[in-house]
Amino acid sequence: MTLPADTPQQRERATTIFEKSVPGRRAFVPPGLDVPEIPMSDLIPDRARRASPPGLPEIAEPEIVRHYNRMSRRNFDLDAGFYPLGSCTMKHNPKLHERLAGLPGNARLHPAQRPAAAQGALKLMWHLQEALGEIVGLRAVSLQPSAGSHGELAGVLLARAYHEDRGDARRTRVLTPDTAHGTNPATVSMAGYEVVKVGTSGDGGVDIEDLRSKADDTIACLMLTNPNTLGLFDRNIEEITRIARDCGAVAYYDGANLNAIMGISRPGDMGFDVVHFNLHKSFTQPHGGGGPGAGPIAVSERVAPYLPVPTVVRREGGDPQFDLDFDRPKSIGRLRGFHGNYGVFVRSYAYICSLGAEGLREASEIAVLNANYLLARLKEVAGDALPVAFDRICGHEFVLSGAPMKRDLGIRTLDLAKRLLDHGYHPPTVYFPLLVEEALLIEPTETETRETLDAFAEAVGAILAEAAEDPAIALHAPYTTPVRRLDEATAARRPVVRQPPT
Amino acid sequence: MSAYTSLTDADRSAMLAAIGVDSIDDLFEVVPEALRLDRALNLPGGLSEQDVEAHLRAMASRNTSADDEICFLGAGMYDHYVPALIDSILARSEFLTPYTPYQPEVSQGGLQLMFEYQTAISELTGLPVSNASLYEGPSALASAGYLAKLANGRSRLVISRAVHPHARETLVTVARGYGMEVTEVPLREGLTDLDVLAEAVDVDTAAVFVQQPNFLGAIEDIAAAAELARAEGALSVCACDPMTLGVLRPPGAAGFDIATGEGQALGNRLDFGGPSFGFFAATEEHLRRMPGRIAGETTDADGRRGWVLTLQTREQHIRRERATHNICTAQVLNALAGVIYLSWLGRRGIVEVGELMARRSDYARRALSELDGVSTLHDQPVVREFAVRLDAPVGAVIEHCAERGVNVGYPLGTDYPEYGDGLLVAITERRSRADIDRLVEVVGHAVSELSRPAQAGVAR
């Protein structure tokens, strides 16, 4: 096999903005001094003053712009192509939303502005709370948590507050399925509880007998995703939440996979007490390379008194009409500063307005249709090498196993993912969920066309055919990306986590 | 069909046939009958793009933004100038629309920006290692409490009452979860009472938290606080305002183990409080206990320089219940605004802005406290924010001045009942001498109008 020649991008050595710095250059021009030039030593005592300036770059505007522009071209992004990263719901981010979030009335609004002078923002938040509550069938909503993981922490702390308020201190354990997102067990530990794993049954759902045997009066909470991380809706969901509630536990719904059920089925109706939303997933906040997101929670009546402060309320006949309510004596307290990631709320609210009730349902229907269609196409082209982990109608995503591919073709899931990069695709989530060997978790979302799904399936087919001829090609992929496979082991063994000081 | 989906009727039939089902409803057969929502969601119908725009524009117009008045509000978030190049770079879809760089070969831009950001935060705070951002300031501070628990297993956290009230409250909320007590140390003359702090710190203290400048704007003797913590083997945590770190001694040089804080002032919009980012830097010793993503430098198969997410065995997706934090999605786009801003401001600019704010704050504080009915709440040195006492109800003064186009500041009584007559005034490089003169004029007028004895009292 002959390697293609280096691309121009590959020939260029990456340099950091610190390495481009030259003493004497600058971008910022300070406003003129319009007050007396009192010596700094008269204003700040010497012991509190900085001895020498921080080593920030010295660089003019044109080179800052080129630097970040060049760096941006070393990223693959959702506007560039298909991004079927399972569990992350990489749906199109409508361009309107950026314009709306940037309006001065939103972007330039100080969070400590008096409620009477922020009625538009509080009204938007209140309407978003109402809409989210309706979508999941739980009326009391806090928008405060900053991401899904933060919403999870809020939820488990709510469970703790609920039990403590009832004087029940025995409950120290939380049930989570072995398919759970890693954030679930990590959250349980941060909330001071202990994880109890529940097994998965032959059809990919919760093992009911295992659940029943572990559901006792030491259980504070059950955390579940439905559809779960295998993309499968649990047909026993009513029984599962009944078991949790019967043992006195709070039932928590991880909303990461809400995109499969909007307008179709509601976690509140399934018997859950707490739901978190990932507004950056189902409600299309751009993912920003790893945030920002937002993780509001909606809760049942029995948990509502403990919601974080402040909440946004509408006061009938009150002035101001929309207000922040701090008067919640049983609240767990604050989880962050001010009121939450408002800029994300603007985008998500705009999205709900655009789609409406029908559109949200259609989004979920098409997300599920697209996933099942892609699964069907992949079965055709890759069914032997990449069988589906649980052969059922899936939700908005599905899991394939690369175990036969590894055995028969000598390439692993990682190699397939890297070769997909050369085909211009972002690969699916790999090696998750943990219980499927060589897992590939694929979520196409509703905003993709049939042609895109066909082309992706064909690319997977082509990679498998190529591997049957010469597995070395995939084993050494990618070839066309700005850099090739990176040495992660050395990076972790000898961490270089900042530019060395000059 | 909504504007964001593409399937035609022909697509749908062909796709259903390929799947082997007759209808979309068949795809949801697994959902128990009783759980199928048998009605439409009770939400308004969908709108056209132009109608959505008009609807949200009308709502935004009901907010009084920092464009509509002269804004002296601070209390943790500040009206700094955001240079246009940040808007331009952040709008690039290559930064806006990807997710966490799980595939480093096609995410070098995002990983390099994390690395540059980590370097800039390390330089600012004077501590060697930084993560790639947390949600925002108060929750970042609370994360340091969890790190302390992992580091030394002690049972108590000691925090100054001069730390931002939202951060103190957040720490109390999460510490109740991971089973730690929180002890608050009172203020004396605008500063953390170091004598009480010394009493409060003992062998059960996991960490000590202070803020620089503190919530009242005062410059603390943070080195003394770090020393008190160190003497008892506790970790020391400094919440700091990054915009003051050009002129103030950084936490690293003052002996702190951890520096954390709110990043909004660094190139991020006000956004009614978010999204912004929280920063978190520490000594080398804590690198493997840090919360959140960290980018590390390495090489590719051909020897090219590149970056990856590193030390992932700390994280929830690998370590699960033994992770050092549960965070997954953080605030990378906001951190990008932060690092671009710091590059734009540069080595000299961060000092110049700090000095300008300190001189204008001094000018404003003198002018305000010369007014009848206005006095300083403390006389400690300040950089960019200071507190005054008013001889008139603070809430009424704020209203009175707002009607005259000036937002004069934050009512301290909201969080400190003992300072019910206190007003916290913030200065940025955007608040000119003319703005300050106007502030003095309207506050003077308001206090003289409203300070009749019958109306005096504690306002919220």
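Both backbone and side-chain heavy atoms feed into the values below; hydrogens, waters and symmetry mates do not. Convention: sequence-line order gives letters A, B, ...; per-chain numbering from 1.
Using a cutoff of 4.0 Å between basic side-chain nitrogens and carboxylate oxygens, B:E352 and A:R26 are scored as salt-bridged. Salt bridge present: A:R108 and B:D79 bring a charged side-chain N and a carboxylate O closer than 4.0 Å. A salt bridge links A:E362 to B:R12: one of the charged nitrogens lies within less than 4.0 Å of a carboxylate oxygen. Using a cut-off of 4.0 Å between Lys/Arg side-chain N and Asp/Glu carboxylate O, A:R266 and A:E134 are scored as salt-bridged. Salt-bridge formation is not detected for the pair B:E315/B:R319: no Lys NZ or Arg NE/NH1/NH2 atom is positioned less than 4.0 Å from an Asp or Glu carboxylate oxygen. Using a 4.0 Å cut-off between charged side-chain N and carboxylate O, B:R360 and B:E429 make no salt bridge. Salt-bridge check for A:R485 with B:E105: failed, with every basic side-chain N at 4.0 Å or more from each acidic carboxylate O.
When A:R235, A:R377, A:M270, A:Q499 are compared by the number of non-hydrogen pairs under 4.5 Å with chain B, A:Q499 comes out ahead. When each of A:T183, A:V344, A:N75 is scored by its heavy-atom pairs under 4.5 Å with chain B, the top score falls to A:N75. Of the listed residues (B:A40, B:S61, B:P44), the greatest number of heavy-atom pairs within a distance under 4.5 Å of chain A belongs to B:P44. Among the candidates B:T170, B:V129, B:D26, the residue making the largest number of heavy-atom pairs closer than 4.5 Å to chain A is B:T170. Contact count against chain B (heavy-atom pairs under 4.5 Å) is highest for A:G290 among A:P30, A:A112, A:G290. Here A:D34 is the residue among A:T481, A:D34, A:V496 with the most heavy-atom pairs under 4.5 Å with chain B. With chain A as the partner, the residue from B:A132, B:P250, B:S139 showing the most heavy-atom pairs under 4.5 Å is B:P250. Considering only heavy-atom pairs separated by less than 4.5 Å from chain B, the leading option among A:R361, A:R114, A:E358 is A:R114. When A:A118, A:G192, A:C353 are compared by the number of non-hydrogen pairs under 4.5 Å with chain B, A:C353 comes out ahead. In terms of heavy-atom pairs under 4.5 Å with chain A, the best-connected choice from B:G46, B:G179, B:P98, B:G110 is B:P98.
The distance from the NE2 atom of A:H280 to the NE2 atom of A:H287 is 5.0 Å, given to the nearest 0.5 Å.
Under the 30°/60° scheme for interplanar angles, the aromatic rings of A:Y83 and A:F76 are found to be tilted. Aromatic ring pairs are classed by plane angle as parallel below 30°, tilted from 30° to 60° and perpendicular above 60°; the pair A:H339 and B:F272 is tilted.
Heavy-atom distances place no part of A:A51 under 4.5 Å from chain B, backbone and side chain included. At a 4.5 Å heavy-atom cutoff, the contact between A:V346 and chain B is made by backbone and side-chain atoms alike. Residue contact with chain B, scored on non-hydrogen atoms closer than 4.5 Å, involves the backbone and the side chain of A:E37 alike. When heavy atoms are compared at a cutoff of 4.5 Å, B:N42 approaches chain A by way of both its backbone and its side chain. Both the backbone and the side chain of A:P36 have a heavy atom closer than 4.5 Å to some heavy atom of chain B. Only the side chain of B:L85 comes within contact range of chain A, with at least one heavy atom under 4.5 Å from a heavy atom of that chain. The part of B:R92 that comes within reach of chain A is its side chain, from C-beta onward, which places non-hydrogen atoms under 4.5 angstrom from that chain. In this structure, chain A has heavy atoms under 4.5 Å from both the backbone and the side chain of B:H325. Of the atoms belonging to A:K418, it is side-chain heavy atoms, and not backbone ones, that fall under 4.5 Å from chain B. The parts of B:L35 that come within reach of chain A are both its backbone and its side chain, each placing non-hydrogen atoms under 4.5 angstrom from that chain. Heavy atoms of A:H110 lying under 4.5 Å from chain B belong to its backbone as well as its side chain. For B:E136, the part sitting under 4.5 Å from any heavy atom of chain A is the side chain, from C-beta outward, and nothing else. Residue B:R293: no heavy atom, backbone or side chain, is found under 4.5 Å from chain A. For B:Y99, the parts lying near chain A are the backbone and the side chain together; criterion is any non-hydrogen pair under 4.5 Å. If you measure heavy-atom distances from A:A417 to chain B, the contacts under 4.5 Å come from the side chain alone. Looking at A:N93, the atoms closer than 4.5 Å to chain B (heavy atoms on both sides) all sit in the side chain, from C-beta outward. With a 4.5 Å cut-off on non-hydrogen atoms, B:S122 touches chain A through its backbone and its side chain both. Heavy atoms closer than 4.5 Å to chain B are found nowhere in A:V188, neither backbone nor side chain. Both the backbone and the side chain of A:I135 come within less than 4.5 Å of a heavy atom in chain B. Proximity to chain B (any heavy atom under 4.5 Å) is restricted, for A:L421, to the side chain, taken from C-beta onward. Both the backbone and the side chain of B:A301 come within contact range of chain A, judged by heavy atoms closer than 4.5 Å. In this structure, the portion of A:L100 lying under 4.5 Å from any heavy atom of chain B is its side chain and not its backbone. Only the side chain of B:V308 comes within less than 4.5 Å of a heavy atom of chain A; its backbone N, CA, C and O stay farther away. Contacts of A:F233 with chain B are made by both backbone and side-chain atoms, with heavy-atom separations under 4.5 Å. Interface residue B:Y363: only side-chain heavy atoms are found under 4.5 Å from chain A. Looking at B:A18, the atoms closer than 4.5 Å to chain A (heavy atoms on both sides) sit in the backbone and in the side chain alike. Both the backbone and the side chain of A:M40 have a heavy atom closer than 4.5 Å to some heavy atom of chain B. For B:L124, the parts lying near chain A are the backbone and the side chain together; criterion is any non-hydrogen pair under 4.5 Å.
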Can you check side chain to side chain donor-acceptor pair (under 3.5 Å) on A:E152 and A:T187, steps first, answer last? CA-CA 7 Å; A:E152 288 179 35; A:T187 300; 3.0 Å; yes

Any chance you could lay out the side chain to side chain donor-acceptor pair (under 3.5 Å) test for B:S93 and A:D77, step after step, and finish with the verdict? CA-CA 7 Å; B:S93 67; A:D77 70 286; 2.9 Å; yes

Intermediate values then yes/no, salt bridge (charged side-chain N to carboxylate O under 4.0 Å, His left out), A:R498 and B:E123: CA-CA 9 Å; A:R498 57 154 291 170; B:E123 281 295 328; 2.7 Å; yes

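Of all heavy-atom pairs spanning B:Q316 and A:A186, the tightest one is CB-CB, 3.6 Å.
Inspection of the A:D487 and B:T299 side chains reveals no N or O donor paired with an N or O acceptor under 3.5 Å. Of the N and O atoms on the side chains of A:Q113 and B:N407, at least one donor lies less than 3.5 Å from an acceptor on the other residue. For the 3.5 Å distance criterion, the side chains of A:S146 and A:R336 qualify, holding a donor opposite an acceptor. B:Q312 and B:H317 share a side-chain donor-acceptor pair at under 3.5 Å.
Looking at B:Q112, B:E116, B:E94 one by one, the single match for side-chain hydrogen bond (donor to acceptor under 3.5 Å, both in side chains) with A:Y68 turns out to be B:E116. The one candidate from B:I89, B:L345, B:L113 that meets the side-chain contact (heavy atoms from CB on, under 4.5 Å) condition with B:I340 is B:I89.
In this structure the side chain of B:P104 reaches within 4.5 angstrom of the side chain of B:Q108, judged on heavy atoms.
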